[in-house]
Amino acid sequence: MARTKKERLIERAPNFNGFKPFGVQNETKTKVLLYLEEYEAIKMCDYLLLSQAEAASRMNVSRPTVTRVYQSARRKIAKAMVEASIICIEGGHANIHTLWYKCPHCSIKFSILPEAPAMCPLCNSLEIEKID
Amino acid sequence: MIFAAALINNTLDSQINNHFGRCRIFGIYNTETKAVSFIENPFYDLDEEAGCKTAEFLLQHKINFIIAGRFGIKTVSFFQQENIQMIIPENNQTFREILKLK
């Protein structure tokens, strides 16, 4: 089996499914699959104008990995633009960058809200552990 | 505070469902009014996006917390954006046990 990919962390998934070209003359309905981490790489590098090093640190992967993911994204988008394909944003090897904590009293894992203090939502205890 | 939970059946003694989007029954508990209700998820058998549609559906009930065994990546993203905390039980607890109700 090929070397397993390290999970790429993304801030959030897009709240739409992709793009469809309109006014297509010969509709071939081909599809390009843009992975969630590739969408995130485009967002960080081309929209937020971060450096690839900064994007790598946010995605928790190495800088060469971001370069590869970004190049793949650009190539796929170019292919969709030239071939008038639908772009589906799904799949890949990503996970959401959530802060998960554990409460040993209640035997639960839970997510916390940004800016809010970290305490167990069921017993309000502050004796919670962060999960990596 | 309003807690919602993915359940196996529509009783307080139901275990928490290991799935979120494909779950048919949700339990809702309001800590202030102490009211318990059970609702059916109309999106449980969608081919795609069951999680996202179910999450949007639950928003109508003004929930603050959601309990289930697992959440898909888009669902996690959605709840983070809506400031709803996700809770995953580790021990096969029932709805009653998790909420510590009598």
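First the proteins, then the strands, lettered A, B, ... as listed; each starts at 1.
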Note: vs chain A, highest number of non-hydrogen pairs under 4.5 angstrom among B/Gln81, B/Glu97, B/Glu48 is B/Gln81

In terms of hydrophobic clustering (I, L, V, M, F, W, Y; side-chain heavy atoms under 4.5 Å; direct or indirect links), are [X] and [Y] co-clustered?
X       : Y       : value
B/Leu58 : B/Ile2  : yes
A/Ile42 : A/Val66 : no
A/Ile10 : A/Ile77 : yes

Taking atom [atom1] as the centre, does [X] end up with more than 12 heavy-atom neighbours from other residues, nucleotides or ligands that are less than 6.0 angstrom away?
X        : atom1 : answer
B/Arg70  : CZ    : no
A/Phe16  : CZ    : yes
A/Arg12  : CZ    : yes
A/Tyr39  : OH    : yes
A/Lys76  : NZ    : yes
A/Lys109 : NZ    : no

For this session: Verify, without hydrogens or angle tests, whether B/Gln80 (side chain) and A/Ile96 (backbone) share a donor-acceptor contact under 3.5 angstrom.
Result: no

Exercise for the section: For B/Gln93 and A/Cys106, indicate whether the former's side chain and the latter's backbone hold a donor-acceptor pair under 3.5 Å. Expected result: yes

Provide the closest heavy-atom pair for [X] versus [Y] in the form atom of the first, atom of the second, distance.
X        : Y       : answer
A/Pro121 : B/Phe65 : CB-CE2, 3.3 Å
A/Ala13  : B/Ser77 : N-OG, 2.8 Å
A/Leu122 : B/Ile98 : CD1-O, 3.5 Å
A/Ala94  : B/Ile73 : O-CD1, 3.2 Å
A/Ser111 : B/Gln85 : O-NE2, 2.8 Å

The interface call for A/Ala116 against chain B, heavy-atom contacts under 4.5 Å, is neither

Bottom line for B/Phe78: the part with an atom under 4.5 Å from chain A's heavy atoms is neither

Okay, B/Ile84 and chain A: the region with an atom under 4.5 Å from a heavy atom over there is backbone

The reported gap from CD1 in A/Ile108 to CD1 in B/Ile87 (rounded to nearest 0.5 angstrom) is 5.0 Å

When rounded to the nearest 0.5 Å, the distance separating CG of A/Asn17 from CD of B/Glu49 is 4.5 Å

